[in-house]
Amino acid sequence: MKALLLIDLQNDFCHLGALEVKEANSIIPIANDLMSHFDEIVASQDWHPADHLSFAANHYWKKPGQIIDLNGLEQILWPIHCVQNSMGAAFHDGLNTQKITKVIYKGTDKSIDSYSVFYDNGHLKATDLHDYLQSKNIKELYILGLATDYCVQFTVLDALELNYTVYLIQDACKAVNLNENDGQNAILKMQEKGAIIINSNELLGL
Ligand code: VGL
Ligand code: ZN
C-alpha cells in the first residue's frame with residue numbers, strides 16, 4: 001500500500017508567512033491534484049508552543065539564523081513560527097484538507113526541535129507516524145512539502161532507515177536555502193541514501 005505525505009503546508013511557510021519559503025504556494029495546487037490518486041494522505045503540522053526554544057525570540061541576544069547548542073544538539077534559531085492554534089500554523093487556505101486521512105503534529109516539546117515527521121531531532125521520541133503507516137500496511141511513501149532542506153530531508157532520511165520505499169516529488173518541494181545550494185544538496189543526499197526522485201507529472205498521468 002502507498003501513502004502521500006504532505007509536509008508542513010502551513011501559512012507560516014507560505015507567501016508572507018513568518019518563515020516564508022520562496023515559491024511555497026506553487027505546491028498547493030499540485031498537492032490538491034495528487035490527492036485524488038491516493039487513498040491514504042497524511043499531513044504534518046509544525047506545531048510549536050509559544051515558548052519553543054527553536055525561536056530566537058526565546059533567547060537573550062539571539063537572532064534568527066544563529067546556531068546554538070540546545071541540550072547537546074545543534075539548533076538553528078528561527079523566527080517565531082507555527083505556534084499551536086495560530087493562523088500561521090493552520091494549513092494553507094487553498095489546500096483541500098477534506099481528503100487528509102491523518103494529521104501528525106511535531107515540534108510540540110519546547111526543549112527539542114523536530115524536523116522529521118517520524119522523530120524529534122535527537123531521535124528520542126517517535127510521533128504516531130510509523131505506527132499509523134504500519135497499521136495501514138503502507139510500504140511506499142510519496143513525499144512533498146516544506147522545506148526541502150529541513151523537514152522534508154529529515155523525514156525522507158528517517159523513512160529510508162525505516163525501510164520504506166520513498167518517492168520524493170521534487171517539483172512539489174521548496175527549500176529555505178539559508179545557503180544557496182541547501183535545497184539541491186538535500187535532494188542529492190536523499191537520492192544517495194535511496195530516495196527515488198520524481199516529478200508530479202509522472203504521477204498525475206497515472
Ligand atoms: C521547518 C524550520 C523550522 C520545516 C520547521 O518545516 O522545514 N523548518 N521549523
Ligand atoms: Zn519549526
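Remember, it's 1-based here, ligands and their atoms both numbered in the order they're listed.
Checking H81 against the Zn ion (ligand 2), an N/O/S atom falls under the 2.8 Å cut-off. Residue D113: no N/O/S atom is found under 2.8 Å from the Zn ion (ligand 2). For the Zn ion (ligand 2), the set of nearby N, O or S atoms under 2.8 Å includes one belonging to H48.
Using a 3.5 Å distance cut-off with no hydrogens or angles, the side chains of E140 and T165 do not pair a donor with an acceptor. Side-chain atoms of Q75 and D113 form a donor-acceptor pair, as typed in the model, at a separation below 3.5 Å. Between the side chains of Q84 and H48, not a single donor N or O lies within less than 3.5 Å of an accepting N or O. Judged by distance alone, the side chains of E40 and Y132 do bring a donor and an acceptor atom under 3.5 Å apart.
Taking the six-membered ring where the residue is Trp, the centroids of H123 and F154 are separated by 6.0 Å or more. Aromatic pair H81/F55: centroids less than 6.0 angstrom apart.
Under the 4.5 Å side-chain heavy-atom criterion for ILVMFWY residues, a single connected hydrophobic cluster contains both L162 and V152.
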Write 'none' if nothing qualifies; otherwise put on separate lines each N/O atom of ligand 1 with a protein N/O atom under 3.5 Å away and their distance to 0.1 Å.
residue	atom	partner	partner atom	Å
ligand 1	6 (O)	D8	OD2	2.6
ligand 1	6 (O)	L146	O	3.4
ligand 1	7 (O)	A147	N	3.0
ligand 1	7 (O)	C151	N	3.1
ligand 1	9 (N)	D46	OD2	3.0
ligand 1	9 (N)	H81	NE2	3.1

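Within D46, OD2 is the N, O or S atom that lies nearest to the Zn ion (ligand 2).
Aromatic ring pairs are classed by plane angle as parallel below 30°, tilted from 30° to 60° and perpendicular above 60°; the pair Y167 and Y142 is parallel.
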